[in-house]
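Structure record follows, encoded as structure tokens.
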Number of protein chains: 2
Amino acid sequence: MTKPQLDRSGVRTSRRERVREATLAEIKEIARRHLVEHGSQGVSLRAVAREMGMTAPGLYRYVSGIDALLVLITADMYDDLADHVAAADASVPEQNTDQRILTSLRAFRGWALEHRAEFSTMFGPRNRLDPDSDITAALEAGRRFGATFFTLFDRLVAEQRFEVPPDDEVPADLASELRAFADTVGVATPNVPLGAVMVLSSCWVRLYGVVCMEIFQHLNFVMADMEPLFESELRGVLERVGVEYRPPPE
Amino acid sequence: MTKPQLDRSGVRTSRRERVREATLAEIKEIARRHLVEHGSQGVSLRAVAREMGMTAPGLYRYVSGIDALLVLITADMYDDLADHVAAADASVPEQNTDQRILTSLRAFRGWALEHRAEFSTMFGPRNRLDPDSDITAALEAGRRFGATFFTLFDRLVAEQRFEVPPDDEVPADLASELRAFADTVGVATPNVPLGAVMVLSSCWVRLYGVVCMEIFQHLNFVMADMEPLFESELRGVLERVGVEYRPPPE
DNA sequence: AATGTTTGCTAACGGTGTTCACTAAAGCGT
DNA sequence: ACGCTTTAGTGAACACCGTTAGCAAACATT
């Protein structure tokens, strides 16, 4: 009988499973560094294996292929982003909803700026992630990321901060989509009006759009600094949901 | 003396140059088909060469590498998109500005839906296009694409369709960026107020955002059909610039 | 101690981008 | 028509890549 230890989640974990978990973590760590250093194209099983003193086929004991590895680290990156945003949110007094939202959204952009390669693989086209590979992990991590914002948004709805479009102003086809969205994404407040979800979607689209434009460098030769445009959109979004905008510090 | 013929642009073109142009066109055509059939990853010099009965090194007489080839076809794709939007625009009576805008914007999304792979390489992260390779061609094509919308937008400004924020509501740092934007992108109307450019940017960000979200499949497991959300954003955008929204036909 | 399981290796196949030396052809000037 | 020059394209080679199959050593369990 070997020494069965307990995971922090209470799962009995043998020595074998622990070392296995460790090497898997090493694989992901190296792969991710290659991602940020050489872009999405620069992640290769052989290079990762080489760096950790292994050969490429050995990695197949841990990962079912290069695409699956990318999905794995994508999930980790969502976790990172979620942590970063949550930390920024937590750095503001809990009752100060306005400042919390402002800070969280700026933290989102800030993380994107400092992690361009990661952001691109997370929010860009799903080129290599498409196959059926366990994308569920990445999805779950993405859901956790969104939760921070949804929680804050719930407060705005509860506090009736902004004018919510009445239900009869939401087209029927959009209504059913929004319902599905609110359900799967897990908006905390039950019976949140569909109009509010519509506003939320619109706000998210705007911020997603402006950050993608910046990271994907779509106005690169047309606009030197994208921060003013982001702040402008941020201001517009916050105005829409009844949150006070304040210019960024210094 | 050989037979010097005249290009339609008036450039003397020898036989050699003509056949050269033809094979370059073939290269791009095949590469693009591979792009739509096998995704961005599935474009390879060797495969293209194989299909046209050549060997890969031969292609280096026409293209300086695989990345440069991708940039080349990206420029072509912008041309295609521009043509598609322009055709949609031209299919509406010239005086009907509202319908022209509505149709053009829907044409943008429609093209994206029917050309997902192309759209992804055009509007997604610039992964393989980054190196200094003559990206100017793609930029120019992108500029032509935007021109259609800017022309229509100019009419809205000229007709004073919507409320333009006064200049003192445009932050100073944003103002200079917007000026650069208006200049390089070539907004036709001289002295177009900066507030109008700000509104234009905001509208474009929203539409870009919602279409990217759809094509990049970011709400795939959360929303079955993205059209209602697009139409909702479209409605909001048009409302902002004083254009009448009409639901899509049928 | 013997048995089964997991891990990692080597070898191999087929694919990729790219460079270099080289041939054969096409164009050009006389 | 003849040479000379430029060009298009080839073949071989190098260095990568993902992935599969078979095998040997390490490990865990009985």
Side-chain angles (χ1 to χ4, degrees), chain A residues 1-5 12-28 30-31 34-35 37-73 127-133, chain B residues 1-5 12-28 30-31 34-35 37-73 127-133:
Chain A
M1 173 105 38
T2 55
K3 40 182 176 178
Q5 299 207 354
R12 166 171 61 80
T13 172
S14 65
R15 158 166 176 81
R16 224 184 194 142
E17 283 167 2
R18 265 177 295 138
V19 52
R20 180 181 176 80
E21 200 105 353
T23 64
L24 178 58
E26 188 184 357
I27 293 174
K28 293 196 292 185
I30 297 179
H34 287 195
L35 172 71
E37 282 172 4
H38 309 112
S40 167
Q41 307 283 328
V43 183
S44 79
L45 288 180
R46 294 191 115 111
V48 170
R50 203 178 310 136
E51 181 161 337
M52 50 194 292
M54 279 183 61
T55 60
L59 297 189
Y60 279 77
R61 301 288 175 189
Y62 299 88
V63 168
S64 68
I66 181 67
D67 291 7
L69 175 55
L70 284 185
V71 174
L72 278 187
I73 64 179
N127 276 337
R128 309 176 71 174
L129 325 180
D130 259 4
D132 47 19
S133 50
Chain B
M1 176 96 51
T2 55
K3 42 181 175 177
Q5 299 206 355
R12 167 170 60 78
T13 172
S14 66
R15 158 166 176 78
R16 219 182 197 142
E17 283 168 0
R18 264 176 296 137
V19 53
R20 182 182 173 78
E21 200 104 355
T23 63
L24 178 59
E26 188 184 356
I27 293 174
K28 293 196 293 184
I30 296 179
H34 287 194
L35 172 71
E37 283 173 4
H38 309 111
S40 167
Q41 307 284 329
V43 183
S44 80
L45 288 179
R46 294 191 115 110
V48 169
R50 204 179 308 136
E51 180 162 337
M52 51 194 293
M54 278 182 60
T55 60
L59 296 189
Y60 279 76
R61 300 285 174 186
Y62 299 88
V63 167
S64 68
I66 181 66
D67 291 7
L69 175 55
L70 283 184
V71 174
L72 279 187
I73 64 179
N127 276 338
R128 309 175 70 174
L129 325 179
D130 258 4
D132 47 21
S133 50

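Lettering follows sequence order; numbering is per chain, from 1.
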Checklist entry - Would you say the base of C:dG15 and the side-chain of B:Arg46 have a donor-acceptor pair closer than 3.5 Å? => result no

Next on the checklist: Please report the interatomic distance CZ(B:Arg61) to CE(B:Met54), rounded to the nearest 0.5 Å.
Outcome noted: 9.5 Å

Checklist entry - Among C:dT16, C:dC9, D:dG18, which is the nearest nucleotide to the side chain of A:Ser44? => result D:dG18

Checklist entry - When you measure from the side chain of A:Pro57, which nucleotide among D:dG11, C:dC9, D:dA13 comes out closest? => result C:dC9

Checklist entry - Separation of B:His38 atom NE2 from C:dT16 atom P, in whole Å? => result 11 Å

Checklist entry - Which part of the nucleic acid, if any, lies within contact of A:Ala47, taking any heavy atom under 4.0 Å across all strands shown: a base, the sugar-phosphate backbone alone, or nothing? => result sugar-phosphate

Checklist entry - Closest nucleotide of DNA chain C for B:Tyr60 versus for B:Val19: which of these residues is on the 5' side? => result B:Tyr60

Checklist entry - What does B:Gly53 touch in the nucleic acid at a heavy-atom separation under 4.0 angstrom: a base, only the sugar-phosphate, or nothing? => result sugar-phosphate

Item to check | Protein-nucleotide distance (B:Arg20, atom CZ; D:dT6, atom C1'), rounded to Å | outcome: 12 Å

Item to check | Non-hydrogen atoms of A:Ala31 and A:Val48 that approach each other most closely | outcome: CA-CG2, 4.0 Å

Item to check | Nucleotide of D:dC17, D:dT10, C:dT7 approaching A:Tyr62 most closely (side-chain heavy atoms) | outcome: C:dT7

Checklist entry - Given atom CG of B:Leu59 and atom P of C:dC20, what is their separation to the nearest angstrom? => result 18 Å

Item to check | Whole-Å distance separating the CD atom of A:Glu17 from the P atom of D:dC27 | outcome: 16 Å

Item to check | Heavy-atom side-chain contact between A:Ile30 and A:Glu26 under 4.5 Å | outcome: yes

Item to check | Residue-phosphate contact under 4.0 Å: A:Thr55 side-chain N/O, C:dC9 OP1/OP2 | outcome: yes

Next on the checklist: Nearest heavy atom decides the nucleotide; on that basis, is B:Ile66 or B:Arg61 closer to the 5' end of DNA chain C?
Outcome noted: B:Ile66

Next on the checklist: Rounding to an integer number of Å, can you tell me how far B:His34 NE2 sits from C:dG15 C1'?
Outcome noted: 14 Å

Item to check | B:Leu45 CG - C:dG15 P separation (whole Å) | outcome: 16 Å

Checklist outcome for this item: Distance col, row B:Lys28:NZ vs B:Ile73:CD1, nearest 0.5 angstrom, shows 9.5 Å

Checklist outcome for this item: Separation of C:dT6 atom P from A:Leu24 atom CG, nearest Å, is 16 Å

Next on the checklist: Nearest whole Å is fine: how far is D:dC17 C1' from B:Gln41 CD?
Outcome noted: 12 Å

Next on the checklist: If you assign each of A:Arg50 and B:Met54 to its closest nucleotide in DNA chain D, which residue comes earlier from the 5' end?
Outcome noted: B:Met54

Checklist entry - Hey, does A:Tyr60 have a side-chain heavy atom less than 4.5 Å from the side chain of A:Leu45? => result yes

